[in-house]
> 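Sharing a structure, written as structure tokens. Questions coming.
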Amino acid sequence: LWSFYLEVVLYLIILYCGTAPLNTRIVGGDNAPAGSWPWQVSLHLSSHVCGGTLISDQWVMTAAHCILINSPSAWTLYLGRETQSGPNVNEVSRTLSQIIIHPDYNNTLFNNDIALMRLSSPVSFTNFIRPVCLQTGRPLYGILCPDWIKLAGTPEICFLLYC
Ligand SMILES: *[C@@H]1O[C@H](CO)[C@@H](O)[C@H](O)[C@H]1NC(C)=O
């Protein structure tokens, strides 16, 4: 059942990732219309702290330096949000069940500045909420998936993330 669920999710990710049906790509510096960047996630402690990127229906990728508090319950994530100061009719929010910071993150040099946040429950993809595409090629030189990413979830997600 788990692998069937995974196949469906991966199919949906491949179908929807990287597409923004409402993005008309207007050049010239106006506010982005709703739905322009549907993988954009707003990470909140008591207010907006950082952006994140939706990479599946339940994982958000961000920078390790954004994890000001390494406690899942401290965070609320807003997906489909258009503005930090107005109504957001297309938005959904999620709490977190897990945060994974790269174990070799160096907060002086900012090496390995990457972290993953697991949503408390999956989101449905809409015109305003959908994942970015990650490279799908196989790793070069037969490099194995790093353990820290394996810990993040499934081998398949790891595969997508790592490559
Ligand atoms: C970060 O890198 C610097 C320079 O190599 C090193 O001195 C420091 O111990 C590292 N910090 C951590 C937390 O690993």
> Do Val60 and Leu116 have side chains that get closer than 4.5 Å, going by heavy atoms?
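Result no, sub-4.5 Å side-chain heavy-atom pair not found.
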> Measure from the side-chain N and O atoms of Asn88 to the backbone N and O of Thr83, and report whether any donor-acceptor pair falls under 3.5 Å.
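Such a contact is found between Asn88 side chain and Thr83 backbone.
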> Quick one: CD1 on Ile101 to CG on Asn70, what's the gap to the nearest 0.5 Å?
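Between Ile101 CD1 and Asn70 CG, I get 4.0 Å after rounding to 0.5 Å.
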> Going by heavy atoms in the side chains, are Gln58 and Ser97 under 4.5 Å from each other?
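Not touching, per the 4.5 Å side-chain cut-off.
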> Please find the pair of heavy atoms, one from Val41 and one from Leu54, that lie closest to each other, and give the distance.
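Smallest interatomic distance, heavy atoms only, reads CG2-N, 3.8 Å.
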> Do Thr95 and Trp75 have side chains that get closer than 4.5 Å, going by heavy atoms?
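The answer is no; the side chains never approach within 4.5 Å.
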> Do Thr62 and Ile67 come close enough that some side-chain heavy atom pair is under 4.5 Å?
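Thr62 reaches Ile67 side chain to side chain.
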> With rounding to the nearest 0.5 Å, note down the distance linking NE2 in His44 to CG in Leu77.
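Here the rounded value is 8.5 Å.
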> Decide yes or no for Phe128 and Val92: does some side-chain heavy atom of the first lie under 4.5 Å from some side-chain heavy atom of the second?
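Of all side-chain heavy-atom pairs linking Val92 with Phe128, none is under 4.5 Å.
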> Check the angle between the aromatic planes of Phe110 and Tyr105 and answer parallel, tilted or perpendicular using the 30° and 60° thresholds.
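Phe110 and Tyr105: tilted rings.
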> Between Ile129 and Met61, is there shared hydrophobic-cluster membership here, with clusters defined by ILVMFWY side-chain heavy atoms closer than 4.5 Å?
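Yes.
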> My understanding is that only residues two or more places apart in sequence, or in another chain, count here; which of them pass ring pair (Phe, Tyr, Trp, His ring centres under 6.0 Å) with Phe125?
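Residues passing ring pair (Phe, Tyr, Trp, His ring centres under 6.0 Å) with Phe125: Tyr16.
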> Is it true that a side-chain atom of Asp113 and a backbone atom of His65 form a donor plus acceptor pair closer than 3.5 Å?
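Between the backbone of His65 and the side chain of Asp113 there is a qualifying donor-acceptor contact (under 3.5 Å).
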> Out of curiosity, does Leu45 fall in the hydrophobic cluster containing Leu119 (side-chain heavy atoms, cut-off under 4.5 Å, transitive links)?
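Linked, Leu119 and Leu45 end up in one cluster.
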> Can you name the nearest heavy-atom pair linking Ala20 to Gly35, along with the distance?
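Minimum heavy-atom separation between Ala20 and Gly35: CB-O, 3.7 Å.
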> How far apart are the closest heavy atoms of Val123 and Leu79, and which atoms are they?
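What the structure gives for the nearest pair is CG1-CD1, 4.2 Å.
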> Judged by atom type as modelled, is there a donor-acceptor pair below 3.5 Å linking the side chain of Asn112 to the main-chain atoms of Asp104?
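Flag set: sc Asn112 to bb Asp104 pair under 3.5 Å.
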> Flag the pair Arg94 / Met117 as yes when at least one side-chain heavy-atom distance between them is below 4.5 Å, and no otherwise.
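A side-chain contact under 4.5 Å is absent here.
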> Would you give the length of the straight line joining atom CG of Asn127 to atom OG1 of Thr19, rounded to the nearest 0.5 angstrom?
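Atom-to-atom, Asn127:CG and Thr19:OG1 are 8.5 Å apart.
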> Could you tell me if the side chain of Arg81 sits less than 4.5 Å from the side chain of His48, heavy atoms only?
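Of all side-chain heavy-atom pairs linking Arg81 with His48, none is under 4.5 Å.
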> Taking Pro131 as the fixed residue, which of Cys17, Pro38, Ser56 is the one that meets the side-chain contact (heavy atoms from CB on, under 4.5 Å) rule?
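Looking at Cys17, Pro38, Ser56, the match for Pro131 under the side-chain contact (heavy atoms from CB on, under 4.5 Å) is Cys17.
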